[in-house]
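Notes follow once the structure below has been shown.
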2 protein chains.
Amino acid sequence: MPQTAKILIVEDDAHIRRLLHATMQRAGYDVVEAAAARQALSLLDIERPDVVLLDLGLPDRDGLELIEPIRLRSAATLIVVTARDESAEKVAALDLGADDYVTKPFDTEELLARIRTALRHQRAIAAGELVTVVEAGDVHIDMDRRRVTRDGSEVHLTPKEYGVLVELAKRPDRVLSHAQLLRTVWGPAHVERVEYLRIVVRGLRQKLEKDPARPRLIVNELAVGYRLLLREAG
Amino acid sequence: MPQTAKILIVEDDAHIRRLLHATMQRAGYDVVEAAAARQALSLLDIERPDVVLLDLGLPDRDGLELIEPIRLRSAATLIVVTARDESAEKVAALDLGADDYVTKPFDTEELLARIRTALRHQRAIAAGELVTVVEAGDVHIDMDRRRVTRDGSEVHLTPKEYGVLVELAKRPDRVLSHAQLLRTVWGPAHVERVEYLRIVVRGLRQKLEKDPARPRLIVNELAVGYRLLLREAG
DNA sequence: GGCGAGGATCAGCGCGCTGCTCATGGCTCA
DNA sequence: TGAGCCATGAGCAGCGCGCTGATCCTCGCC
């Protein structure tokens, strides 16, 4: 990542586009803008932005359909801007791979704060400051060595099991949606196959939980997803 | 935002206008006033107030029609002044983008308190803080981790309960109309089903309130909507 | 070529969340 | 003080959702 971060604005309304452009420039970012999908994708390759601001625009789902190609093509943080404040759309956007979600009319300062957070996160990853060892109860996860131990003795995990566990361990205590886990471990084509995920979670629980029937490590959030609990709290 | 906040008063009745002007000045705010719509909009650009006090006035809907242009043109907090028994008008104002309302004859102290909370909120955002944690009494809401605790111990919420609570927490101390909550949590097809909302609110109260029969956290605004109170005031 | 492990499917089951209705109670206003 | 609206409370039925068990298939290893 260069000194000054680069932001790609994807927005069809020229007025808002100029407004965002000016705001971002004033905040010290390099700015590139695109008014349409094709342009956005090619700029993604050429300019390699650190953050993409994607306006979903109004009535169609065109904007949503842009999320996946962007995600496949770039590691940039993808922030979605939309006028519709509905949880269903938010869930859809995050499931397709968006990193954050802001609703219009948005507060400029809030948007800038979210961009700062995203960039801070990127820098932490780039600097290798990422936690690679996670302790959850008596389970020890070493993502560097690809080793998982329980009470000191190694636990053998299948590739899928390990993949899911690592995703959970990278963001401990947070809920990851079914789709998020499925997309990163199985790939975008399988986001709907919740059954696969459940089977793998079952395997993990049998290998890692004291009482697999009463999970305290990998817990479910109804209709949302799974979460890895660090401290075994009641 | 400058040291002393600036307030724009939009009010056609000269008598009330002077009264409000004096009250605000005595409270230490800079005051600008407008008697008509056009004047209000141009002053908005020139003076860039932090708060707009908009009197919806009497019989016509001119006042309501001012809300949207103000909202588009400015990030100011928009507080509407309405007549007592016009709950439909309050709902309309909120849905159009007003931040809050007070009813005539209004309590000066209440009005000032509303303005103070609005300014506090603005300052937090301007400082670049991304608010993801809200404290309301002994209830702790962490929107980042999707976790709610009461007196330190975790409270399990259902998806709908969590959705409603988050919407309220994102705009603490403000009224959200039934329709606003229903649209964001249930989706636009269910804006009429106030019953659903009520049942979820009941669940939240039973889990979060000390005395669910006398709510101090999630309080009702008659015929309008609900409000999440931060400080448990009488 | 046989065997075992992992992954993909499918059917069955039970919990509890959600949706919905009826009954009760409180607040406003005439 | 009574009428009417609006909010609250309780109970119930359906089913969405998560979990389990079992089977088939594929691939790698011996």
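Note that these values count all heavy atoms, side chains included, but never hydrogens, waters or copies made by symmetry. Numbers restart at 1 for each chain; the letters A, B, ... are given by sequence-line order, proteins then strands.
Side-chain N/O atoms of B:Arg198 and base N/O atoms of D:dG9 include no donor-acceptor pair closer than 3.5 Å. Checked by distance alone, B:Arg202 brings no side-chain donor or acceptor within 3.5 Å of a matching partner on the base of D:dA7.
Each of D:dC19, C:dC17, D:dC6 was ranked by its minimum atom distance to the side chain of B:His156; first place goes to C:dC17. Closest to the side chain of B:Lys160, out of D:dA7, C:dT18, D:dG18, is C:dT18.
Between A:Glu192 atom CD and C:dA8 atom P the separation is 15 Å, expressed in whole Å. If you take CG of B:Leu157 and C1' of C:dC17, they are 13 Å apart, rounded to a whole angstrom. Residue B:Ile199 contributes atom CD1, which lies 18 Å from atom P of D:dC6 at whole-angstrom precision. Regarding B:Arg214, its CZ atom lies at a distance of 10 Å from the P atom of C:dC27, rounded to whole Å. Rounded to a whole Å, the CD atom of B:Gln206 is 12 Å from the P atom of C:dC17. Rounded to an integer number of Å, the gap from B:Glu195 CD to C:dA23 P is 16 Å. Spacing between atom CD of B:Glu161 and atom C1' of C:dG16 amounts to 12 Å, rounded to whole angstrom units. Atom-to-atom, CG of B:Leu197 to C1' of D:dT8 comes out at 12 Å; the value is rounded to the nearest Å.
For the pair A:Leu208/A:Leu165, a side-chain contact is recorded, criterion being any heavy-atom separation below 4.5 Å from C-beta on. Looking only at side-chain heavy atoms (C-beta outward), A:Val191 and A:Asp95 stay at 4.5 Å or farther from each other. At least one side-chain heavy atom of A:Arg71 sits under 4.5 Å from a side-chain heavy atom of A:Asp99.
Heavy atoms only, all atoms of each residue included: A:Met143 and A:Tyr162 are closest at CA-OH, 3.6 Å.
Atom CZ of B:Arg146 sits in a crowded spot, with more than 12 heavy atoms from other residues, nucleotides or ligands closer than 6.0 Å.
A:Trp186 has no side-chain polar atom (N or O) that falls below the 4.0 Å cut-off from OP1 or OP2 of C:dG7. Here B:Thr158 reaches the OP1 or OP2 of C:dT18: one of its side-chain N or O atoms lies under 4.0 Å away. A sub-4.0 Å separation between OP1 or OP2 of C:dG7 and a side-chain N or O of A:Arg193 is absent.
Residue-level contact check: A:Pro215 touches neither bases nor backbone, having no heavy atom under 4.0 Å from any strand. Residue A:Tyr162 is out of contact with every strand shown, counting any heavy-atom pair closer than 4.0 Å. Residue contacts shown for B:His190 are absent, as no nucleic acid heavy atom lies under 4.0 Å away. Using a 4.0 Å heavy-atom cutoff across all strands shown, B:His178 reaches sugar-phosphate atoms only and no base atom.
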